[in-house]
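Heads up: the structure comes next, in structure tokens.
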Amino acid sequence: MSKILCIGAGYVGGPTMAVIAKHCPQHMVRVVDMNGDRIAAWNSDHLPIYEPGLKAVIDIARGRNLFFLTDETIAEQIDWADIIFVSVNTPTKSFGLGAGRAADLQFWEKTARQILEYATTPKIIIEKSTLPVRTAEAMSHILNTNSRGVQFDVISNPEFLAEGSAIKDLEDPDRVLIGGHNTPSGKKAVETIVELYANWVPRERIITTNLWSSELSKLVANAFLAQRISSINAISALCEKTDADIEEVAYAIGTDSRIGPHFLRASVGFGGSCFKKDILNLVYICEQQGLPEVAEYWQLVLKMNEYQEMRFVANMVHTMFNSLSGKRIALFGTAFKANTSDTRESPALVVCRELLEERADLILCDPYALENARQDLGDQAQKVEFTIDPYHAAKGAHAIAILTEWTQFAELDYSLIFESMAHPAFIFDGRNILDHQELFEIGFNVYPIGKTPLQHFA
Ligand code: NAD
Ligand code: UGA
């Protein structure tokens, strides 16, 4: 039996440990977090995150070999464990050197120091958080200052799950990446973690590399994914000028097996807690390494994303006769993508803030992400309405903007909605999930992404 501890019970730590516990009943898994409310939620029927399939996995393992604990007993937990996953948040630094770009490693370093202080027996330490390349070196330096002769092996095992499909991604991953040192104890530690995943992941999908390749691959994977979205979004702007259709273009290029079909959905922009922060981190590392051209190249992926968000808002303003002041607008979706309650870096909230600048009268609608949206908006939350009912949101509105690709929004009765709205009625489909021709025939003026608008006036 292995004794596994995870520090950090967030979007990654909670689901990942739940899936490990489910598939490895022979091992004990404990998850600690300094956020007592989060731990209380993990121990309740109202889990702290909305993630399809998560509750079923939790129900199998919680109380059997999976336990969520506050960090009051962190000393005891660290000493108990022989494998420690560190899955704390690594946001963009907001102060000092590298502010706005470098990763803020304060939570991660605090964890390293806690491990150093409380461990009395050998441990494998696993970087689960996304970290700058060569962070494991710093981790090793901190841990190896111990005078008790305790052996620590630091392993990189970045997480590739996407929110909304986290359980599927963990149950059936494209690959698991494990990076370690090429020393006898480093290799042994890697083998221990390979064996852990091999309980349910086919061995050919478990990739082992050196530590630095593993750390860097995580940043690069996110940068490449975001780059594809920025690329297709850049072309969506050109489609709107040329009567080409972005979905036809995406299909045509995506059938080339060298390009592939995934991550070619043009949208109002990408969001989420990681793409922006990880690219900023990559840019910062490149600059620090004296590679300004490489840094500039990746920075443009973010610039294009901001352009796409602003282009969407500008299109709304221009289309609605250059005046949104006092006009009721329903925003469908606050989550950064469908099937999650997460609103971190959500393009929906960027659009919301910009429309507030235009003094529009906003009503925000989302099935699961309203509470997080309210928190993220801070003082501005007082200026908007919230509802889970799209029909209520649309009533009396001049426009609807689709900002999250929830399937619910594609299944509404838009004839009914049209009747209840102010006319002319506008729909801005920032996710291309609606039937645009049908909406046009109902009477809407329709503005998709990367397609010719369908409007009832010249
Ligand atoms: P999160 O903010 O949801 O969770 C992190 C948790 O760590 C928080 O609950 C926080 O209270 C806790 N924490 C921080 N310091 C602690 C300490 N010293 N002791 C105990 N608890 C502590 O973050 P997340 O979304 O789970 O992301 C975690 C890491 O995983 C990040 O590096 C992120 O880049 C990476 N990642 C995230 C995703 C994702 O989909 N969210 C996917 C892959 C990788
Ligand atoms: C992303 C990666 O997909 C994961 O592999 C990675 O582990 C994770 O970041 C992370 O490191 O945090 P996530 O942000 O949860 O996962 O979700 P994605 O499915 O990647 O979507 C990100 C954003 O891009 C969303 O706003 C989504 O709507 C948008 N998107 C995605 C598009 O606009 N078009 C697409 O074709 C795909």
Side-chain angles (χ1 to χ4, degrees), residues 5-16 31-39 41-42 48-49 51 68-72 74 77-78 85-92 103-115 127-132 135 157-166 169-170 173-175 218-219 221-226 228-233 236 250 254 261-279 281 305 308-309 333 335-340 342-348 403-406 430-433 449:
L5 174 69
C6 178
I7 302 179
Y11 285 86
V12 169
T16 308
V31 192
V32 292
D33 202 293
M34 61 186 187
N35 180 335
D37 292 342
R38 227 173 198 188
I39 290 298
W42 279 114
I49 60 178
E51 193 60 64
F68 293 94
L69 306 157
T70 60
D71 70 346
E72 282 156 14
I74 189 93
Q77 307 310 334
I78 286 174
F85 284 85
V86 181
S87 187
V88 299
N89 38 328
T90 51
T92 302
D104 182 349
L105 298 178
Q106 60 170 310
F107 303 103
W108 168 86
E109 184 166 341
K110 184 180 170 213
T111 315
R113 292 187 185 282
Q114 286 174 320
I115 295 171
E127 296 176 344
K128 192 48 133 175
S129 302
T130 303
L131 294 160
T135 300
N157 169 223
E159 185 47 61
F160 295 101
L161 68 80
E163 288 176 32
S165 57
D169 297 341
L170 289 164
D174 286 350
R175 77 320 205 170
K218 172 61 199 178
L219 292 182
N222 274 358
F224 267 59
L225 290 168
R228 278 175 74 97
I229 304 170
S230 276
S231 297
I232 203 72
N233 282 345
S236 75
H262 302 296
F263 270 66
L264 291 179
R265 285 193 329 271
S267 66
V268 55
F270 62 73
S273 62
C274 293
F275 279 177
K276 185 174 173 189
K277 91 167 163 65
D278 291 349
I279 293 176
N281 189 357
N305 198 48
Q308 187 75 349
E309 290 167 338
F336 81 95
K337 64 182 284 196
N339 298 317
T340 178
D342 196 350
T343 53
R344 291 179 290 180
E345 300 292 339
S346 176
L403 301 173
T404 310
E405 67 276 28
W406 289 104
R431 297 291 185 166
N432 283 347
I433 56 166
I449 298 275

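Start at 1 and go down the list; that is how both ligands and their atoms are numbered. Worth knowing before you read on, the calculation uses all heavy atoms, side chains too, and leaves out hydrogens, waters and symmetry mates.
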Proximal atoms of ligand 1 relative to Lys277 (non-hydrogen, under 4.0 Å): 33 (C), 34 (O)
Student check: side-chain heavy atoms of Ser273 and Phe336 closer than 4.5 Å: no
Distance, nearest 0.5 Å, that separates CD of Glu51 from CG of Leu161: 7.5 Å
Heavy-atom check, side chain of Val86 versus side chain of Ile115, under 4.5 Å: yes
Sub-3.5 Å N/O-N/O distance, Asp71 and ligand 1: no
Residue that, paired with Glu163, satisfies side-chain contact (heavy atoms from CB on, under 4.5 Å) out of Asp169, Asp342, Asn339: Asp342
Glu127/Lys218 salt bridge by N-O under 4.0 Å criterion: no
CA sep, side-chain torsions, deciding dist, call: Glu159, Ser87, side-chain hydrogen bond (donor to acceptor under 3.5 Å, both in side chains): CA-CA 9 Å; Glu159 185 47 61; Ser87 187; over 6 Å; no
Shortest non-hydrogen contact from Ala9 toward Asp33: N-OD2, 2.6 Å
Whether Ser273 lies under 4.0 Å from ligand 2, heavy atom: no
For atom 19 (O) of ligand 2, closest protein heavy-atom neighbour: Lys337 NZ, 2.8 Å
Exceeds 12 heavy-atom contacts within 6.0 angstrom, atom NZ of Lys276: no
Gap separating the CZ atom of Arg265 from the CG atom of Asn233, nearest 0.5 angstrom: 10.5 Å
Ligand 2 contacted by Leu225 (non-hydrogen, < 4.0 Å): yes
Residue portion contacting ligand 1 (non-hydrogen atoms closer than 4.0 Å) for Gln106: neither
Min N/O separation Val12 to ligand 1 under 3.5 Å: yes
Between Glu405 and Ser267, a side-chain donor and acceptor under 3.5 Å: no
Atoms in ligand 1 flagged as close to Phe107, the criterion being non-hydrogen separation under 4.0 Å: 15 (N)
Any N or O of Arg431 closer than 3.5 Å to N or O of ligand 2: yes
Atom indices of ligand 1, in the order listed, that fall short of 4.0 Å to a heavy atom of Glu163: 39 (C), 40 (O), 41 (N)
Contacting atoms of ligand 1, where contact means under 4.0 angstrom from a heavy atom of Asp33: 6 (C), 7 (O), 8 (C), 9 (O), 10 (C), 11 (O), 12 (C), 20 (C), 21 (N)
4.5 Å side-chain heavy-atom contact, Pro347 and Gln308: no
Polar contact flag for Lys128 and ligand 1 (N/O pairs, less than 3.5 Å): no
4.5 Å side-chain heavy-atom contact, Leu105 and Pro132: yes
Contacting atoms of ligand 2, where contact means under 4.0 angstrom from a heavy atom of Ser267: 32 (C), 33 (O)
Polar atom proximity, Pro347 to ligand 2 (N or O, under 3.5 Å): no
Contact check, side chains of Asn222 and Ile279, non-hydrogen atoms, under 4.5 Å: no
N or O pair under 3.5 Å between Met34 and ligand 1: yes
Atoms in ligand 2 with a heavy atom of Lys218 nearer than 4.0 Å: 6 (C), 7 (O), 10 (C), 11 (O)
Contact with ligand 2 for Arg228, non-hydrogen, under 4.0 angstrom: no
Option of least heavy-atom distance to atom 2 (C) of ligand 2 (set: Tyr11, Phe275, Phe270, Phe263): Phe275
Test side-chain contact (heavy atoms from CB on, under 4.5 Å) applied to Ile7 and Met34, step by step: CA-CA 9 Å; Ile7 302 179; Met34 61 186 187; over 6 Å; no
Selected option - heavy-atom contact closest to atom 29 (C) of ligand 1, from Asn89, Val88, Thr90: Val88
Phe85 and Thr16, any side-chain heavy atoms less than 4.5 Å apart: no
Parallel, tilted or perpendicular: rings of Phe270 and Phe275 (30°, 60°): perpendicular
Close-contact set for ligand 1 against Gly8 heavy atoms, below 4.0 Å: 6 (C), 7 (O), 12 (C)
Side chain to side chain, Phe160 and Asp174, heavy atoms closer than 4.5 Å: no
Those atoms of ligand 2 less than 4.0 Å from some heavy atom in Glu159: 7 (O)
Heavy-atom check, side chain of Trp42 versus side chain of Ile49, under 4.5 Å: yes
Protein heavy-atom partner closest to atom 5 (O) of ligand 2 - residue, atom, separation in Å: Phe160 O, 2.7 Å
Under-4.0 Å heavy-atom contact with ligand 2, by part of Ala162 that carries it: both
Within-cut-off N or O pair, Ile229 and ligand 2, under 3.5 Å: no
Those atoms of ligand 1 less than 4.0 Å from some heavy atom in Ser87: 5 (C), 28 (C)
Nitrogen or oxygen atoms of Glu159 and ligand 1 under 3.5 Å apart: no
Closest to atom 42 (C) of ligand 1 (judged by heavy-atom distance), picking from Thr130, Asn222, Leu219, Leu161: Leu161
For ligand 2, the portion of Leu161 having any non-hydrogen atom under 4.0 Å away: backbone
Those atoms of ligand 1 less than 4.0 Å from some heavy atom in Thr111: 18 (N)
Asp278-ligand 2 polar pair, N/O distance under 3.5 Å: no
Per-atom contacts of ligand 1 with Ile7, taking only distances under 4.0 Å to non-hydrogen atoms: 19 (N), 20 (C)
Side chain, backbone, both or neither: Cys274 near ligand 1, heavy atoms under 4.0 Å: side chain
Numbered atoms of ligand 2 (with element) below 4.0 Å of Cys274, judged on heavy atoms: 10 (C), 11 (O), 12 (O)
